[in-house]
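Every heavy atom of this structure was used, including side-chain atoms; hydrogens, water molecules and symmetry mates were not. Order of the sequence lines sets the chain letters (A, B, ...), proteins ahead of strands, with each chain counted from 1.
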There are 2 protein chains.
Amino acid sequence: MSESPEDRIVASVIDAISEQRLPAGTKLGEQDLSEVFACNRANVRRALASLAALHVVELRPNRGAFVSSPTPEEAKDVFEARRAIERTIARKAAGRASAQDITRLRCNIAAEVRAHEDGHQPEELRLSRAFHIDIARIAGNEVLERMLAELTMRTTLIIGLYGTGPGSSCADDDHSPIVDALESGDAEGLVAAMDAHLRHLEAGVSFSEAKPSSSSLRSQLLARKGGTG
Amino acid sequence: MSESPEDRIVASVIDAISEQRLPAGTKLGEQDLSEVFACNRANVRRALASLAALHVVELRPNRGAFVSSPTPEEAKDVFEARRAIERTIARKAAGRASAQDITRLRCNIAAEVRAHEDGHQPEELRLSRAFHIDIARIAGNEVLERMLAELTMRTTLIIGLYGTGPGSSCADDDHSPIVDALESGDAEGLVAAMDAHLRHLEAGVSFSEAKPSSSSLRSQLLARKGGTG
DNA sequence: TTATCCAAAATTGTTAACAATCCTGAACGA
DNA sequence: TCGTTCAGGATTGTTAACAATTTTGGATAA
(Lines give C-alpha, C1' and ligand atoms only; values in the text may rest on other atoms or scores of the structure.)
Protein backbone atom coordinates (compact mmCIF):
# COMPACT_ATOMS: atom_id res chain seq x y z
CA MET A 1 0.00 0.00 0.00
CA SER A 2 1.10 3.53 0.89
CA GLU A 3 0.30 4.96 -2.51
CA SER A 4 0.48 8.70 -2.84
CA PRO A 5 -2.80 10.60 -3.32
CA GLU A 6 -1.49 11.82 -6.62
CA ASP A 7 -0.98 8.31 -7.97
CA ARG A 8 -4.41 7.28 -6.77
CA ILE A 9 -6.04 10.17 -8.60
CA VAL A 10 -4.15 9.48 -11.82
CA ALA A 11 -4.97 5.77 -11.74
CA SER A 12 -8.62 6.31 -10.83
CA VAL A 13 -9.22 8.86 -13.55
CA ILE A 14 -7.58 6.66 -16.16
CA ASP A 15 -9.62 3.69 -14.99
CA ALA A 16 -12.82 5.69 -15.05
CA ILE A 17 -12.14 6.91 -18.58
CA SER A 18 -11.22 3.40 -19.73
CA GLU A 19 -14.59 2.16 -18.57
CA GLN A 20 -16.43 5.09 -20.09
CA ARG A 21 -17.62 6.27 -16.73
CA LEU A 22 -15.97 9.63 -17.42
CA PRO A 23 -16.92 10.88 -20.90
CA ALA A 24 -14.86 13.32 -22.91
CA GLY A 25 -15.34 16.91 -21.87
CA THR A 26 -16.19 16.21 -18.25
CA LYS A 27 -14.89 18.91 -15.99
CA LEU A 28 -12.59 17.76 -13.21
CA GLY A 29 -12.97 20.41 -10.54
CA GLU A 30 -10.21 20.71 -8.00
CA GLN A 31 -12.55 20.94 -5.04
CA ASP A 32 -14.50 17.88 -6.15
CA LEU A 33 -11.40 15.79 -6.65
CA SER A 34 -9.86 16.81 -3.35
CA GLU A 35 -13.06 15.76 -1.56
CA VAL A 36 -13.45 12.47 -3.44
CA PHE A 37 -9.86 11.46 -2.79
CA ALA A 38 -9.57 13.02 0.64
CA CYS A 39 -6.50 15.08 -0.06
CA ASN A 40 -5.60 18.73 -0.47
CA ARG A 41 -5.73 20.77 -3.62
CA ALA A 42 -1.99 20.78 -4.10
CA ASN A 43 -2.06 17.05 -4.66
CA VAL A 44 -4.97 17.41 -7.02
CA ARG A 45 -3.14 19.99 -9.03
CA ARG A 46 -0.07 17.81 -9.37
CA ALA A 47 -2.21 14.88 -10.44
CA LEU A 48 -3.93 17.00 -13.06
CA ALA A 49 -0.56 18.12 -14.39
CA SER A 50 0.46 14.47 -14.75
CA LEU A 51 -2.79 13.60 -16.48
CA ALA A 52 -2.32 16.50 -18.86
CA ALA A 53 1.15 15.24 -19.74
CA LEU A 54 -0.42 11.88 -20.56
CA HIS A 55 -3.03 13.55 -22.81
CA VAL A 56 -5.77 12.33 -20.54
CA VAL A 57 -6.85 15.79 -19.59
CA GLU A 58 -6.79 19.26 -21.09
CA LEU A 59 -5.86 22.18 -18.87
CA ARG A 60 -7.46 25.47 -19.79
CA PRO A 61 -5.89 28.34 -17.85
CA ASN A 62 -8.25 29.86 -15.29
CA ARG A 63 -10.92 27.42 -16.45
CA GLY A 64 -9.90 24.09 -15.03
CA ALA A 65 -9.23 20.55 -16.21
CA PHE A 66 -11.42 18.64 -18.63
CA VAL A 67 -11.31 15.09 -19.89
CA SER A 68 -9.71 15.27 -23.33
CA SER A 69 -11.97 15.47 -26.35
CA PRO A 70 -10.00 14.04 -29.25
CA THR A 71 -10.60 15.74 -32.56
CA PRO A 72 -11.23 13.59 -35.64
CA GLU A 73 -7.68 14.35 -36.75
CA GLU A 74 -6.30 13.23 -33.44
CA ALA A 75 -8.49 10.14 -33.50
CA LYS A 76 -7.10 9.13 -36.86
CA ASP A 77 -3.56 9.60 -35.57
CA VAL A 78 -4.29 7.58 -32.45
CA PHE A 79 -5.63 4.66 -34.46
CA GLU A 80 -2.66 4.74 -36.79
CA ALA A 81 -0.18 4.87 -33.93
CA ARG A 82 -1.99 2.10 -32.17
CA ARG A 83 -1.84 -0.15 -35.21
CA ALA A 84 1.90 0.40 -35.40
CA ILE A 85 2.42 -0.34 -31.72
CA GLU A 86 0.16 -3.37 -31.63
CA ARG A 87 1.79 -4.85 -34.72
CA THR A 88 5.16 -4.65 -33.04
CA ILE A 89 3.80 -6.05 -29.82
CA ALA A 90 2.04 -8.90 -31.61
CA ARG A 91 5.11 -9.91 -33.55
CA LYS A 92 7.12 -9.96 -30.35
CA ALA A 93 4.53 -11.73 -28.24
CA ALA A 94 4.20 -14.59 -30.75
CA GLY A 95 6.19 -17.55 -29.57
CA ARG A 96 6.65 -16.06 -26.15
CA ALA A 97 3.28 -16.81 -24.58
CA SER A 98 3.19 -19.51 -21.92
CA ALA A 99 0.34 -21.98 -21.56
CA GLN A 100 -0.70 -19.98 -18.54
CA ASP A 101 -0.83 -16.81 -20.60
CA ILE A 102 -3.09 -18.49 -23.15
CA THR A 103 -5.40 -19.76 -20.42
CA ARG A 104 -5.62 -16.31 -18.85
CA LEU A 105 -6.40 -14.68 -22.19
CA ARG A 106 -9.12 -17.20 -22.99
CA CYS A 107 -10.56 -16.64 -19.56
CA ASN A 108 -10.55 -12.92 -20.28
CA ILE A 109 -12.41 -13.51 -23.54
CA ALA A 110 -15.01 -15.59 -21.75
CA ALA A 111 -15.57 -12.75 -19.32
CA GLU A 112 -15.87 -10.35 -22.23
CA VAL A 113 -18.53 -12.51 -23.85
CA ARG A 114 -20.39 -12.69 -20.59
CA ALA A 115 -20.26 -8.95 -20.10
CA HIS A 116 -21.42 -8.47 -23.67
CA GLU A 117 -24.38 -10.82 -23.23
CA ASP A 118 -25.31 -9.04 -20.05
CA GLY A 119 -25.21 -5.79 -21.92
CA HIS A 120 -22.63 -4.51 -19.47
CA GLN A 121 -20.63 -2.34 -21.81
CA PRO A 122 -18.28 -0.59 -19.37
CA GLU A 123 -17.10 -3.92 -18.06
CA GLU A 124 -16.73 -5.21 -21.59
CA LEU A 125 -14.60 -2.22 -22.51
CA ARG A 126 -12.46 -2.64 -19.45
CA LEU A 127 -11.87 -6.29 -20.24
CA SER A 128 -11.10 -5.59 -23.86
CA ARG A 129 -8.49 -3.09 -22.84
CA ALA A 130 -7.07 -5.51 -20.31
CA PHE A 131 -6.83 -8.11 -23.07
CA HIS A 132 -4.66 -5.92 -25.25
CA ILE A 133 -2.50 -4.75 -22.39
CA ASP A 134 -2.00 -8.34 -21.27
CA ILE A 135 -0.62 -9.21 -24.69
CA ALA A 136 1.71 -6.25 -24.41
CA ARG A 137 2.90 -7.61 -21.10
CA ILE A 138 3.57 -10.96 -22.72
CA ALA A 139 5.64 -9.18 -25.35
CA GLY A 140 7.85 -8.03 -22.52
CA ASN A 141 8.52 -4.43 -23.49
CA GLU A 142 7.43 -2.03 -20.77
CA VAL A 143 7.88 1.03 -22.95
CA LEU A 144 5.55 -0.33 -25.62
CA GLU A 145 3.17 -1.55 -22.95
CA ARG A 146 2.89 1.89 -21.44
CA MET A 147 2.35 3.49 -24.82
CA LEU A 148 -0.39 1.01 -25.58
CA ALA A 149 -2.03 1.69 -22.25
CA GLU A 150 -2.20 5.35 -23.17
CA LEU A 151 -3.47 4.66 -26.68
CA THR A 152 -6.17 2.23 -25.56
CA MET A 153 -7.42 4.80 -23.12
CA ARG A 154 -7.58 7.40 -25.86
CA THR A 155 -9.31 4.85 -28.07
CA THR A 156 -12.00 4.49 -25.44
CA LEU A 157 -12.53 8.25 -25.47
CA ILE A 158 -12.75 8.22 -29.25
CA ILE A 159 -15.30 5.42 -29.30
CA GLY A 160 -17.30 7.24 -26.69
CA LEU A 161 -17.29 10.37 -28.82
CA TYR A 162 -17.64 9.00 -32.32
CA GLY A 163 -18.69 5.37 -31.92
CA THR A 164 -21.72 4.29 -33.95
CA GLY A 165 -23.88 1.87 -32.03
CA PRO A 166 -22.95 0.03 -28.87
CA GLY A 167 -22.14 -3.30 -30.54
CA SER A 168 -19.23 -2.20 -32.65
CA SER A 169 -16.81 -1.64 -29.82
CA CYS A 170 -15.16 -5.01 -29.45
CA ALA A 171 -18.18 -7.23 -29.57
CA ASP A 172 -17.72 -9.63 -32.43
CA ASP A 173 -15.22 -12.10 -31.19
CA ASP A 174 -12.09 -10.75 -32.83
CA HIS A 175 -10.07 -11.73 -29.83
CA SER A 176 -10.30 -15.49 -30.20
CA PRO A 177 -8.38 -15.68 -33.49
CA ILE A 178 -5.71 -13.53 -31.87
CA VAL A 179 -5.24 -16.00 -29.05
CA ASP A 180 -5.30 -18.88 -31.52
CA ALA A 181 -2.46 -17.37 -33.51
CA LEU A 182 -0.62 -16.52 -30.33
CA GLU A 183 -0.92 -20.11 -29.13
CA SER A 184 0.33 -21.61 -32.36
CA GLY A 185 3.22 -19.16 -32.46
CA ASP A 186 2.17 -17.90 -35.88
CA ALA A 187 3.71 -14.43 -35.78
CA GLU A 188 2.49 -13.17 -39.14
CA GLY A 189 -0.94 -14.66 -38.59
CA LEU A 190 -1.10 -12.92 -35.24
CA VAL A 191 -0.10 -9.60 -36.75
CA ALA A 192 -2.77 -10.01 -39.41
CA ALA A 193 -5.44 -10.93 -36.87
CA MET A 194 -4.53 -7.99 -34.68
CA ASP A 195 -4.51 -5.60 -37.60
CA ALA A 196 -7.87 -6.83 -38.79
CA HIS A 197 -9.28 -6.40 -35.31
CA LEU A 198 -8.04 -2.85 -35.06
CA ARG A 199 -9.35 -1.90 -38.47
CA HIS A 200 -12.66 -3.41 -37.50
CA LEU A 201 -12.62 -1.29 -34.38
CA GLU A 202 -11.78 1.80 -36.40
CA ALA A 203 -14.61 1.07 -38.81
CA GLY A 204 -17.03 1.45 -35.91
CA VAL A 205 -16.49 5.16 -35.58
CA SER A 206 -17.85 7.97 -37.66
CA PHE A 207 -16.67 11.54 -37.47
CA SER A 208 -19.80 13.06 -38.92
CA GLU A 209 -21.44 13.32 -35.53
CA ALA A 210 -20.10 14.32 -32.15
CA LYS A 211 -21.88 13.49 -28.94
CA PRO A 212 -21.94 16.24 -26.36
CA SER A 213 -22.04 14.92 -22.86
CA SER A 214 -22.12 15.85 -19.24
CA SER A 215 -22.00 13.75 -16.14
CA SER A 216 -21.86 14.07 -12.40
CA LEU A 217 -18.22 13.66 -11.66
CA ARG A 218 -18.50 12.35 -8.16
CA SER A 219 -20.51 9.21 -8.75
CA GLN A 220 -18.49 8.24 -11.80
CA LEU A 221 -15.24 8.36 -9.94
CA LEU A 222 -16.49 6.72 -6.79
CA ALA A 223 -17.84 3.69 -8.65
CA ARG A 224 -14.55 1.91 -8.37
CA LYS A 225 -13.60 2.92 -4.86
CA GLY A 226 -15.08 1.80 -1.57
CA GLY A 227 -18.09 4.01 -1.55
CA THR A 228 -19.36 3.23 1.92
CA GLY A 229 -17.37 5.92 3.74
CA MET B 1 4.76 34.78 -25.30
CA SER B 2 2.61 34.30 -22.22
CA GLU B 3 3.82 30.79 -21.56
CA SER B 4 3.18 29.40 -18.13
CA PRO B 5 6.19 28.86 -15.85
CA GLU B 6 5.34 25.20 -15.75
CA ASP B 7 5.59 24.84 -19.53
CA ARG B 8 8.85 26.74 -19.56
CA ILE B 9 10.36 24.42 -16.98
CA VAL B 10 9.21 21.28 -18.79
CA ALA B 11 10.51 22.51 -22.13
CA SER B 12 13.81 23.72 -20.73
CA VAL B 13 14.55 20.51 -18.88
CA ILE B 14 13.72 18.41 -21.92
CA ASP B 15 15.91 20.65 -24.08
CA ALA B 16 18.74 20.45 -21.60
CA ILE B 17 18.56 16.68 -21.48
CA SER B 18 18.35 16.43 -25.26
CA GLU B 19 21.60 18.36 -25.53
CA GLN B 20 23.24 16.32 -22.80
CA ARG B 21 23.64 19.36 -20.60
CA LEU B 22 21.71 17.54 -17.89
CA PRO B 23 23.10 14.04 -17.40
CA ALA B 24 21.11 11.16 -15.96
CA GLY B 25 20.88 11.20 -12.19
CA THR B 26 21.16 14.96 -11.79
CA LYS B 27 19.10 16.18 -8.89
CA LEU B 28 16.52 18.82 -9.72
CA GLY B 29 16.02 20.70 -6.47
CA GLU B 30 12.81 22.64 -6.06
CA GLN B 31 14.50 25.69 -4.66
CA ASP B 32 17.06 25.76 -7.47
CA LEU B 33 14.42 25.44 -10.16
CA SER B 34 12.18 28.08 -8.65
CA GLU B 35 15.11 30.51 -8.60
CA VAL B 36 16.30 29.70 -12.11
CA PHE B 37 12.84 30.09 -13.58
CA ALA B 38 11.70 32.87 -11.29
CA CYS B 39 8.55 31.22 -10.06
CA ASN B 40 7.22 29.68 -6.88
CA ARG B 41 7.66 26.13 -5.72
CA ALA B 42 4.08 25.17 -6.52
CA ASN B 43 4.79 25.68 -10.20
CA VAL B 44 8.01 23.73 -9.92
CA ARG B 45 6.24 20.84 -8.30
CA ARG B 46 3.63 20.71 -11.02
CA ALA B 47 6.30 20.81 -13.68
CA LEU B 48 8.16 17.96 -12.02
CA ALA B 49 4.98 15.91 -11.92
CA SER B 50 4.56 16.45 -15.64
CA LEU B 51 8.16 15.51 -16.31
CA ALA B 52 7.73 12.37 -14.25
CA ALA B 53 4.69 11.40 -16.31
CA LEU B 54 6.85 11.77 -19.41
CA HIS B 55 9.57 9.54 -17.91
CA VAL B 56 11.98 12.42 -17.98
CA VAL B 57 12.38 12.50 -14.25
CA GLU B 58 12.11 10.10 -11.35
CA LEU B 59 10.38 11.29 -8.18
CA ARG B 60 11.63 9.72 -4.98
CA PRO B 61 9.37 10.55 -2.05
CA ASN B 62 10.98 12.89 0.45
CA ARG B 63 14.14 12.86 -1.66
CA GLY B 64 13.32 14.95 -4.66
CA ALA B 65 13.39 14.74 -8.45
CA PHE B 66 16.26 13.26 -10.46
CA VAL B 67 16.86 13.03 -14.17
CA SER B 68 15.90 9.49 -15.15
CA SER B 69 18.63 6.87 -15.33
CA PRO B 70 17.42 4.25 -17.79
CA THR B 71 18.39 0.71 -16.89
CA PRO B 72 19.86 -1.54 -19.60
CA GLU B 73 16.48 -3.32 -19.81
CA GLU B 74 14.69 -0.04 -20.28
CA ALA B 75 17.26 1.08 -22.83
CA LYS B 76 16.66 -2.03 -24.91
CA ASP B 77 12.90 -1.41 -24.77
CA VAL B 78 13.33 2.21 -25.78
CA PHE B 79 15.42 1.30 -28.81
CA GLU B 80 12.94 -1.34 -29.85
CA ALA B 81 9.97 0.99 -29.47
CA ARG B 82 11.80 3.68 -31.34
CA ARG B 83 12.53 1.40 -34.27
CA ALA B 84 8.84 0.54 -34.47
CA ILE B 85 7.76 4.17 -34.35
CA GLU B 86 10.37 5.42 -36.78
CA ARG B 87 9.56 2.67 -39.28
CA THR B 88 5.94 3.74 -39.26
CA ILE B 89 6.87 7.38 -39.54
CA ALA B 90 9.29 6.73 -42.37
CA ARG B 91 6.79 4.73 -44.40
CA LYS B 92 4.28 7.50 -44.00
CA ALA B 93 6.67 10.36 -44.67
CA ALA B 94 7.83 8.83 -47.94
CA GLY B 95 6.06 10.50 -50.82
CA ARG B 96 4.81 13.28 -48.66
CA ALA B 97 7.90 15.45 -48.35
CA SER B 98 7.87 18.72 -50.23
CA ALA B 99 10.91 20.15 -51.94
CA GLN B 100 11.09 22.63 -49.11
CA ASP B 101 11.17 19.79 -46.58
CA ILE B 102 14.06 18.15 -48.41
CA THR B 103 15.98 21.41 -48.49
CA ARG B 104 15.44 21.97 -44.79
CA LEU B 105 16.58 18.46 -43.94
CA ARG B 106 19.74 18.78 -46.04
CA CYS B 107 20.42 22.08 -44.36
CA ASN B 108 20.05 20.37 -41.01
CA ILE B 109 22.51 17.67 -42.08
CA ALA B 110 25.00 20.32 -43.13
CA ALA B 111 24.72 21.91 -39.71
CA GLU B 112 25.20 18.53 -38.10
CA VAL B 113 28.38 17.95 -40.08
CA ARG B 114 29.65 21.37 -39.09
CA ALA B 115 28.91 20.76 -35.43
CA HIS B 116 30.63 17.40 -35.68
CA GLU B 117 33.74 18.91 -37.25
CA ASP B 118 33.83 21.55 -34.57
CA GLY B 119 33.62 18.82 -31.96
CA HIS B 120 30.49 20.46 -30.63
CA GLN B 121 28.67 17.33 -29.52
CA PRO B 122 25.68 18.86 -27.67
CA GLU B 123 24.76 20.88 -30.72
CA GLU B 124 25.23 17.82 -32.90
CA LEU B 125 22.91 15.80 -30.69
CA ARG B 126 20.32 18.55 -30.69
CA LEU B 127 20.40 18.73 -34.48
CA SER B 128 20.20 14.98 -34.88
CA ARG B 129 17.12 14.90 -32.70
CA ALA B 130 15.63 17.79 -34.65
CA PHE B 131 16.26 15.84 -37.85
CA HIS B 132 14.24 12.86 -36.72
CA ILE B 133 11.44 14.95 -35.28
CA ASP B 134 11.27 16.94 -38.50
CA ILE B 135 10.66 13.75 -40.45
CA ALA B 136 7.94 12.86 -37.99
CA ARG B 137 6.36 16.22 -38.66
CA ILE B 138 6.47 15.52 -42.38
CA ALA B 139 4.69 12.23 -41.74
CA GLY B 140 1.86 14.31 -40.32
CA ASN B 141 0.89 12.26 -37.28
CA GLU B 142 1.13 14.33 -34.12
CA VAL B 143 0.67 11.35 -31.85
CA LEU B 144 3.60 9.52 -33.37
CA GLU B 145 5.59 12.74 -33.43
CA ARG B 146 5.11 13.27 -29.72
CA MET B 147 6.04 9.68 -28.96
CA LEU B 148 9.18 10.02 -31.01
CA ALA B 149 10.07 13.24 -29.22
CA GLU B 150 9.92 11.38 -25.93
CA LEU B 151 11.86 8.40 -27.24
CA THR B 152 14.63 10.50 -28.77
CA MET B 153 15.06 12.29 -25.48
CA ARG B 154 15.36 8.99 -23.67
CA THR B 155 17.80 7.83 -26.34
CA THR B 156 19.99 10.80 -25.52
CA LEU B 157 19.99 9.81 -21.86
CA ILE B 158 20.89 6.24 -22.79
CA ILE B 159 23.75 7.33 -25.01
CA GLY B 160 25.01 9.58 -22.27
CA LEU B 161 24.95 6.69 -19.82
CA TYR B 162 26.11 3.80 -21.95
CA GLY B 163 27.57 5.33 -25.11
CA THR B 164 31.04 4.12 -26.09
CA GLY B 165 33.13 6.89 -27.54
CA PRO B 166 31.92 10.30 -28.64
CA GLY B 167 31.90 9.52 -32.37
CA SER B 168 29.29 6.82 -32.40
CA SER B 169 26.35 9.04 -31.60
CA CYS B 170 25.13 10.10 -35.00
CA ALA B 171 28.39 11.00 -36.57
CA ASP B 172 28.79 8.89 -39.67
CA ASP B 173 26.46 10.41 -42.17
CA ASP B 174 23.53 8.04 -41.86
CA HIS B 175 21.14 10.90 -42.39
CA SER B 176 21.96 11.61 -46.03
CA PRO B 177 20.71 8.26 -47.40
CA ILE B 178 17.53 8.84 -45.42
CA VAL B 179 16.89 12.15 -47.14
CA ASP B 180 17.79 10.62 -50.51
CA ALA B 181 15.19 7.91 -50.07
CA LEU B 182 12.70 10.43 -48.80
CA GLU B 183 13.25 12.63 -51.84
CA SER B 184 12.82 9.77 -54.31
CA GLY B 185 9.71 8.60 -52.52
CA ASP B 186 11.19 5.14 -52.03
CA ALA B 187 9.19 4.06 -48.98
CA GLU B 188 10.83 0.69 -48.42
CA GLY B 189 14.28 2.11 -49.07
CA LEU B 190 13.56 4.84 -46.55
CA VAL B 191 12.43 2.33 -43.96
CA ALA B 192 15.56 0.29 -44.53
CA ALA B 193 17.82 3.33 -44.27
CA MET B 194 16.12 4.47 -41.08
CA ASP B 195 16.31 1.03 -39.56
CA ALA B 196 19.98 0.70 -40.43
CA HIS B 197 20.65 4.09 -38.88
CA LEU B 198 18.90 3.17 -35.65
CA ARG B 199 20.67 -0.17 -35.39
CA HIS B 200 23.91 1.64 -35.98
CA LEU B 201 23.03 4.00 -33.18
CA GLU B 202 22.16 1.11 -30.91
CA ALA B 203 25.44 -0.59 -31.68
CA GLY B 204 27.19 2.39 -30.15
CA VAL B 205 26.13 1.61 -26.62
CA SER B 206 27.43 -0.99 -24.24
CA PHE B 207 25.75 -1.95 -21.00
CA SER B 208 28.85 -3.31 -19.36
CA GLU B 209 29.80 0.06 -17.98
CA ALA B 210 27.74 2.80 -16.40
CA LYS B 211 29.02 6.33 -16.09
CA PRO B 212 28.27 8.03 -12.82
CA SER B 213 27.92 11.74 -13.14
CA SER B 214 27.22 14.93 -11.32
CA SER B 215 26.80 18.44 -12.54
CA SER B 216 25.92 21.89 -11.34
CA LEU B 217 22.27 22.21 -12.18
CA ARG B 218 22.10 25.93 -12.50
CA SER B 219 24.59 26.52 -15.27
CA GLN B 220 23.32 23.59 -17.32
CA LEU B 221 19.80 24.92 -17.35
CA LEU B 222 20.68 28.53 -17.89
CA ALA B 223 22.72 27.82 -20.99
CA ARG B 224 19.69 28.09 -23.22
CA LYS B 225 18.00 31.02 -21.58
CA GLY B 226 18.89 34.66 -21.83
CA GLY B 227 21.43 34.91 -19.06
CA THR B 228 21.87 38.66 -19.12
CA GLY B 229 18.81 39.57 -17.11
C1' DT C 1 41.75 5.63 11.72
C1' DT C 2 36.98 4.13 11.59
C1' DA C 3 32.34 3.80 13.06
C1' DT C 4 28.41 5.74 15.54
C1' DC C 5 25.58 9.21 17.18
C1' DC C 6 23.31 13.50 17.28
C1' DA C 7 22.14 18.22 16.53
C1' DA C 8 21.84 21.75 12.86
C1' DA C 9 20.84 22.86 8.26
C1' DA C 10 18.64 22.05 4.12
C1' DT C 11 15.01 20.05 1.52
C1' DT C 12 10.53 18.12 0.66
C1' DG C 13 5.56 17.84 1.95
C1' DT C 14 1.29 20.09 3.71
C1' DT C 15 -1.91 23.52 4.87
C1' DA C 16 -4.48 27.67 4.95
C1' DA C 17 -5.29 32.15 3.63
C1' DC C 18 -5.51 35.47 0.03
C1' DA C 19 -5.76 37.29 -4.91
C1' DA C 20 -7.39 36.93 -9.53
C1' DT C 21 -10.44 35.13 -12.83
C1' DC C 22 -14.53 33.10 -14.48
C1' DC C 23 -19.38 31.77 -14.30
C1' DT C 24 -24.25 32.70 -12.94
C1' DG C 25 -28.33 35.05 -12.86
C1' DA C 26 -31.08 38.81 -12.07
C1' DA C 27 -31.95 43.73 -13.12
C1' DC C 28 -32.22 46.99 -16.64
C1' DG C 29 -33.02 49.26 -21.11
C1' DA C 30 -33.88 49.07 -26.06
C1' DT D 1 -38.63 39.66 -26.25
C1' DC D 2 -33.89 40.10 -26.57
C1' DG D 3 -29.44 41.65 -25.43
C1' DT D 4 -26.41 44.12 -22.08
C1' DT D 5 -24.59 45.11 -17.57
C1' DC D 6 -23.05 44.15 -13.36
C1' DA D 7 -22.85 42.40 -8.64
C1' DG D 8 -22.28 37.84 -6.02
C1' DG D 9 -20.67 33.37 -5.77
C1' DA D 10 -17.72 29.80 -7.16
C1' DT D 11 -13.41 28.30 -9.00
C1' DT D 12 -8.62 28.63 -10.19
C1' DG D 13 -3.96 30.63 -9.21
C1' DT D 14 -0.47 32.35 -5.84
C1' DT D 15 1.92 32.93 -1.71
C1' DA D 16 3.83 32.23 2.73
C1' DA D 17 4.21 29.86 6.80
C1' DC D 18 4.62 25.50 9.10
C1' DA D 19 5.54 20.36 9.65
C1' DA D 20 8.10 16.27 8.48
C1' DT D 21 11.95 14.12 6.56
C1' DT D 22 16.48 13.74 4.90
C1' DT D 23 21.14 15.18 4.61
C1' DT D 24 25.29 17.11 6.54
C1' DG D 25 29.12 17.69 9.49
C1' DG D 26 31.42 17.29 13.51
C1' DA D 27 32.07 15.28 18.17
C1' DT D 28 32.86 11.14 20.53
C1' DA D 29 34.52 6.53 21.54
C1' DA D 30 36.51 2.13 20.24
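- In this structure, CD of A:E30 is placed 13 Å from C1' of C:dT21, rounded to the nearest angstrom.
- Judged purely by distance below 3.5 Å, without hydrogens or angles, the side chains of A:D7 and A:S4 pair a donor atom with an acceptor atom.
- Contact annotation: A:K27 side-chain N/O to D:dT12 OP1/OP2 distance is under 4.0 Å.
- Under the ring-ring contact (aromatic ring centres under 6.0 Å, His included) criterion, A:F79 pairs with no residue at all, not counting sequence neighbours.
- Taking B:D77 as the reference, A:N141, A:E142, A:V143 meet the side-chain contact (heavy atoms from CB on, under 4.5 Å) condition, with sequence neighbours excluded.
- Separating the CG atom of A:N40 from the P atom of D:dT12 is a distance of 15 Å, rounded to the nearest angstrom.
- Scanning for side-chain contact (heavy atoms from CB on, under 4.5 Å) contacts around A:A130 gives A:N108, with sequence neighbours left out.
- Under the rule for a side-chain contact (heavy atoms from CB on, under 4.5 Å), the partners of A:P70 that lie at least two apart in sequence or sit in another chain are A:E74, A:L157, A:I158, A:L161.
- Less than 4.0 Å separates DNA chain C from at least one heavy atom of each of the following residues of residues 52-67 of chain B: B:P61, B:N62, B:R63, B:G64.
- Here A:E123 pairs with A:R126 in a salt bridge; the nearest charged N to carboxylate O distance falls below 4.0 Å.
- A heavy atom lying under 4.0 Å from DNA chain C marks the following residues of residues 41-49 of chain B, by number: B:R41, B:R45.
- A:Q31 has its CD atom 14 Å from the P atom of C:dA17, to the nearest Å.
- Not one N or O on the side chain of A:T26 forms a donor-acceptor pair closer than 3.5 Å with the backbone of A:L22.
- No side-chain donor from either of A:T152 and A:R82 sits under 3.5 Å from a side-chain acceptor of the other.
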